[in-house]
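First the proteins, then the strands, lettered A, B, ... as listed; each starts at 1. Small disclaimer: the values here were computed from a predicted structure and weren't measured.
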Number of protein chains: 2
Amino acid sequence: MSVEVSQCKVEEALEIVVGKWKPVILLHLLHEGTKRFSELKRSMPGITQKMLTKQLRELEDEDIIQRVIYPQVPPKVEYSMTDYGRTLAPILESMHEWGEKHVLHKQKMVFSSEQDENVQ
Amino acid sequence: MSVEVSQCKVEEALEIVVGKWKPVILLHLLHEGTKRFSELKRSMPGITQKMLTKQLRELEDEDIIQRVIYPQVPPKVEYSMTDYGRTLAPILESMHEWGEKHVLHKQKMVFSSEQDENVQ
DNA sequence: CCGTATCCAATTAGATACTG
DNA sequence: CAGTATCTAATTGGATACGG
């Protein structure tokens with residue numbers, strides 16, 4: 001019983017996890033628990049407020065993370081994984097692991113192509 | 001020993017697998033073995049020749065798939081997974097599985113929000 | 001502090017035509 | 001058959017300013 005590729009659902013999973021910043025956000029929340037907006041922003045140098053907000057909204061809409069607003073001045077908003085979102089953890093960890101190996105693999109590829117050049 | 005998020009390598013893995021069509025291409029090659037260009041194109045209605053070529057080149061550059069050119073007229077080019085590429089299989093299958101569940105989860109989310117509306 | 005709105009630059013993707 | 005080239009449309013992302 002092989003998987004029907006025509007009804008490919010890999011993309012469903014991918015859309016959750018992709019975007020330049022989503023995996024980083026998710027790993028932060030998975031490993032460090034609840035974080036507030038400004039903490040997340042600080043831990044991701046280079047991200048703009050607009051992008052962080054957008055990525056967080058998308059993750060919230062998909063029920064991966066939850067947002068808790070404290071009605072106070074100045075405002076305080078905390079983000080954390082939902083139980084459902086935590087079901088993504090194994091995939092994220094596998095990808096992290098594979099990604100680390102892939103960095104090494106790319107180095108080997110570059111190295112052997114340099115060798116080839118020397119042979120010519 | 002927790003994972004250092006600052007050196008996040010999930011993105012390394014993601015870059016391989018993302019792009020509107022890459023997961024579909026990879027699942028085709030994983031499940032059906034060697035395929036030629038025109039077969040892949042036929043099995044992905046909606047993809048343009050330009051996009052298919054581009055995605056295939058990127059996967060080839062990363063050593064995930066290999067291209068074999070038969071020097072004949074008309075031309076014949078066959079694509080298949082590399083041994084290295086096949087190490088992605090578990091991740092792709094996990095994502096496929098999670099994706100299927102997520103489709104159901106989204107349906108439940110829509111259903112319960114419809115219930116909410118009726119309660120008002 | 002935590003956003004939204006707007007404008008603009010850059011990247012990405014489709015349609016189409018052409019080639020060995 | 002398996003591409004490349006070109007032009008254009010659409011999407012994405014950054015910078016900046018402003019608001020509750």
Please report the distance, rounded to the nearest Å, between [atom1] in [X] and [atom2] in [N].
X: M51(A); N: dT11(D); atom1: CE; atom2: P; value: 16 Å
X: K20(A); N: dT11(D); atom1: NZ; atom2: C1'; value: 15 Å
X: E78(A); N: dC2(C); atom1: CD; atom2: P; value: 9 Å
X: K35(B); N: dA2(D); atom1: NZ; atom2: C1'; value: 16 Å
X: I69(A); N: dC1(C); atom1: CD1; atom2: C1'; value: 12 Å
X: E39(B); N: dC1(D); atom1: CD; atom2: P; value: 11 Å
X: R42(A); N: dC1(C); atom1: CZ; atom2: C1'; value: 11 Å
X: I47(A); N: dG14(D); atom1: CD1; atom2: P; value: 8 Å

Applying a 4.0 Å non-hydrogen cut-off, can you work out what Y79(A) is touching in the nucleic acid: base, sugar-phosphate, or nothing?
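Here Y79(A) touches the backbone only, sparing every base.
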Counting only side-chain nitrogens and oxygens, does T53(B) get under 4.0 Å of the OP1 or OP2 atom of dG3(D)?
no
Any side-chain N or O of K41(B) under 4.0 Å from OP1/OP2 of dC1(D)?
no
5'-most contact on DNA chain C: K54(A) or P75(A), nearest heavy atom basis?
P75(A)
Got a donor-acceptor contact below 3.5 angstrom from the H102(B) side chain to the W98(B) backbone?
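No, H102(B) side chain to W98(B) backbone: no donor-acceptor pair under 3.5 Å.
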Is there a donor-acceptor pair under 3.5 Å between the side chain of E32(B) and the backbone N or O of L29(B)?
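Not a single qualifying donor-acceptor pair exists.
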Of the options [options], whose atoms approach the side-chain atoms of [X] most closely?
X: Q49(A); options: dT4(C), dG14(D), dG14(C); answer: dT4(C)
X: R36(B); options: dG13(D), dC1(D), dG3(D); answer: dC1(D)
X: F37(B); options: dT4(D), dA2(D), dC2(C); answer: dA2(D)

Looking at every non-hydrogen atom in both residues, tell me the closest pair between R86(A) and M81(A) and how far apart they are.
NH2-O, 3.5 Å
Identify all pairs in which a protein N or O lies below 3.5 Å from an N or O of nucleotides 5-10 of chain D, and state each distance.
none

Check which hydrophobic residues are tied to V68(A) through side-chain heavy-atom contacts below 4.5 Å, counting indirect links as well, and list them.
Y70(A)
Passes salt bridge (charged side-chain N to carboxylate O under 4.0 Å, His left out), K106(B) versus E12(A)? Steps please.
CA-CA 10 Å; K106(B) 280 204 282 195; E12(A) 298 285 342; 3.4 Å; yes
5'-most by nearest nucleotide on DNA chain D - T48(A) or R57(B)
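Nearest nucleotide further toward 5': that of R57(B).
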Could you tabulate the donor-acceptor pairs under 3.5 Å formed by side-chain atoms of residues 14-23 of chain B, not counting sequence neighbours?
| unit_1 | atom_1 | unit_2 | atom_2 | d |
| --- | --- | --- | --- | --- |
| K22(B) | NZ | E58(B) | OE1 | 2.6 |

Taking E60(A) first and then R67(A), would you say they form a salt bridge - that is, a charged N and a carboxylate O separated by under 4.0 Å?
yes
